[in-house]
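Starting from 1, each residue takes its place in the sequence as its number. In listed order, ligands and their atoms are each counted from 1.
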Amino acid sequence: MTRSITLVQCARLVPLIRQRTLRSSSATFFTLGASSSKSEMSVRTEVEDIIAKNDIAVFAKSWCPYCRKARGILDSVNTEGKTVKIVDLDKMDEGSAYQEYLNKKTGQRTVPNIFIHQQHIGGCDDLSAQKDEGKLQALIDAK
Ligand SMILES: N[C@@H](CCC(=O)N[C@@H](CS)C(=O)NCC(=O)O)C(=O)O
């Protein structure tokens, strides 16, 4: 008797279990949706970390002539004791996402995208202008 009651209860439980499974699979779907915006968050965190933790941060592409020129300008000034981070966006999976975030942050989509002590400098032409005006070394030495 006890056994048959248990079986009946089990039979009643089956649709409930199905419902819960469906609910939990939509919860999984929701979690996946949330994790895609978390990935945007982590791109933002990573880019901001690079800018915050380095005296000079350059978001570049390995084949880009303006990036090469910017590296040359930075090599021509004294960066001793400073952390210089060059991030080649074309060599990483999240490169396009970084570039998209940088565009949102600075209004500049092109590379190189240069920061000195967290201050947005701009591209190669802007860096070059700072050097020509004799301001670049002072900017780098500021901290
Ligand atoms: N005037 C800009 C020019 C930079 C530029 O045109 N960069 C190209 C690569 S050489 C670029 O970002 N193209 C778009 C892309 O690669 O997504 C500067 O001085 O930095």
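- Applying the salt bridge (Lys or Arg N to Asp or Glu O under 4.0 Å) criterion to Lys105, with sequence neighbours excluded, gives Glu48.
- The backbone N or O of Lys135 sits nowhere less than 3.5 Å from a side-chain atom of Glu133 that would complete a donor-acceptor pair.
- Side-chain atoms of Lys61 and Gln99 include a donor-acceptor pair closer than 3.5 Å.
- Remark: Asp88 CG to Cys67 SG distance equals 7.5 Å, nearest 0.5 Å.
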For ligand 1, list all ligand N or O to protein N or O distances below 3.5 Å, rounded to 0.1 Å.
unit_1, atom_1, unit_2, atom_2, d
ligand 1, 1 (N), Asp125, OD2, 3.0
ligand 1, 7 (N), Val111, O, 2.9
ligand 1, 12 (O), Val111, N, 2.8
ligand 1, 16 (O), Lys61, NZ, 3.0
ligand 1, 17 (O), Lys61, NZ, 3.0
ligand 1, 17 (O), Gln99, NE2, 2.8
ligand 1, 19 (O), Cys124, N, 3.3
ligand 1, 19 (O), Asp125, N, 2.9
ligand 1, 19 (O), Asp125, OD1, 3.2
ligand 1, 19 (O), Asp125, OD2, 3.3
ligand 1, 20 (O), Cys124, N, 2.9

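- At distances below 3.5 Å, not a single donor-acceptor pair connects side-chain atoms of Ser128 with backbone N or O atoms of Cys124.
- Under the 3.5 Å distance criterion, with hydrogens and angles disregarded, a donor-acceptor pair is assigned to the side chains of Tyr98 and Glu46.
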